[in-house]
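The block underneath contains the structure these notes are about, expressed in structure tokens.
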Amino acid sequence: MPKIIPNLWFDTQGLEAAEFYCSVFPNSKIKDVTHYTEGSPGTPGTVLTVEFELDGREFTAINGGPQFTFDEAVSFAVTCADQEEIDHYWAKLSEGGEEGPCGWLKDKYGLSWQVAPDGMADILNDPDRARAARAMQAVMGMKKLDIAAIRAAADEKG
């Protein structure tokens, strides 16, 4: 079975970003760093690629230049066990970046993340469609998701 490894295009900050992401997620590490050589499109000796793992998942950062940037069409979801994890990842990943609606944020490199609780789909797919709608309405009014507030809204009797 072939591996599927996300490749993240950076201008020149691939190593810095990989080190940052490795500092945020447990069980993470830089695996390998390659450099531009003579005759390549980059400055010889500067970082070309960084292979790294985030909690055992492989990624590659490539310093390819400024012509491509991240947008919200691609994001990484962080499924959290509890509010403490949501608070932790939200704080770390949004630092220097930009908070968005409904649990979305952009980190300081412009990469989009969704930080949400485990089981979010269960409440939004609740067979009681009014309960699901109340939960969705609560989510729509939040930036960082608040599990207790989402549950409280879902359970409101109106």
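For reference, positions follow the sequence shown, starting with 1.
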Residues forming a side-chain contact (heavy atoms from CB on, under 4.5 Å) with [X], sequence neighbours excluded:
X	result
Asp122	none
Ala135	Ile123, Leu124, Ile150, Ala154
Asp155	Arg131
Ala133	none

List for me each residue that meets ring pair (Phe, Tyr, Trp, His ring centres under 6.0 Å) alongside [X], sequence neighbours excluded, and say none if there are none.
X	answer
Phe76	Phe59, Trp113
Trp104	none
Tyr36	none

Value rounded to 0.5 Å, distance of [atom1] in [X] from [atom2] in [Y]:
X	Y	atom1	atom2	result
Ser112	Asp71	OG	CG	7.5 Å
Ser28	Leu54	OG	CG	4.5 Å
Asp126	Arg134	CG	CZ	9.0 Å
Leu105	Leu93	CG	CG	5.5 Å
Asn63	Thr43	CG	OG1	10.5 Å
Leu48	Ser40	CG	OG	7.0 Å

In one Ile/Leu/Val/Met/Phe/Trp/Tyr side-chain cluster, 4.5 Å: [X], [Y]:
X	Y	answer
Met142	Met140	yes
Val115	Val24	yes
Phe20	Ile62	no

Does either side chain, that of Thr60 or that of Thr49, offer a donor lying less than 3.5 Å from an acceptor on the other one?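 No pair is found: no donor N or O on one side chain lies under 3.5 Å from an acceptor on the other.
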Within the structure provided, determine whether [X] and [Y] are in side-chain contact (heavy-atom separation under 4.5 Å).
X	Y	value
Ile30	Cys22	yes
Tyr109	Tyr21	yes
Val78	Phe25	yes
Thr37	Pro44	no

Taking all non-hydrogen atoms of both residues, which atom of Phe52 and which atom of Ala18 are closest, and how far apart? CD2-CB, 3.6 Å
Looking only at non-hydrogen atoms, find the nearest pair between Leu145 and Cys102 and report the distance. CD2-C, 3.8 Å
Applying salt bridge (charged side-chain N to carboxylate O under 4.0 Å, His left out) as the test, list every pair that has at least one member in [range]; sequence neighbours left out.
range	answer
residues 88-105	none
residues 42-54	Lys31-Glu53
residues 17-26	none

Pairs meeting criterion side chain to side chain donor-acceptor pair (under 3.5 Å) with involvement of residues 72-87, two or more places apart: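 Passing the test, one end in residues 72-87: Glu72-Lys106, Ser75-Gln114, Gln83-Asp87, Asp87-Lys144.
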Enumerate donor-acceptor pairs with a distance under 3.5 Å from any side-chain N or O in residues 1-9 to protein atoms, sequence neighbours excluded.
| residue | atom | partner | partner atom | Å |
| --- | --- | --- | --- | --- |
| Lys3 | NZ | Glu58 | OE2 | 2.9 |
| Asn7 | ND2 | Ile5 | O | 3.1 |
| Trp9 | NE1 | Gly65 | O | 2.9 |

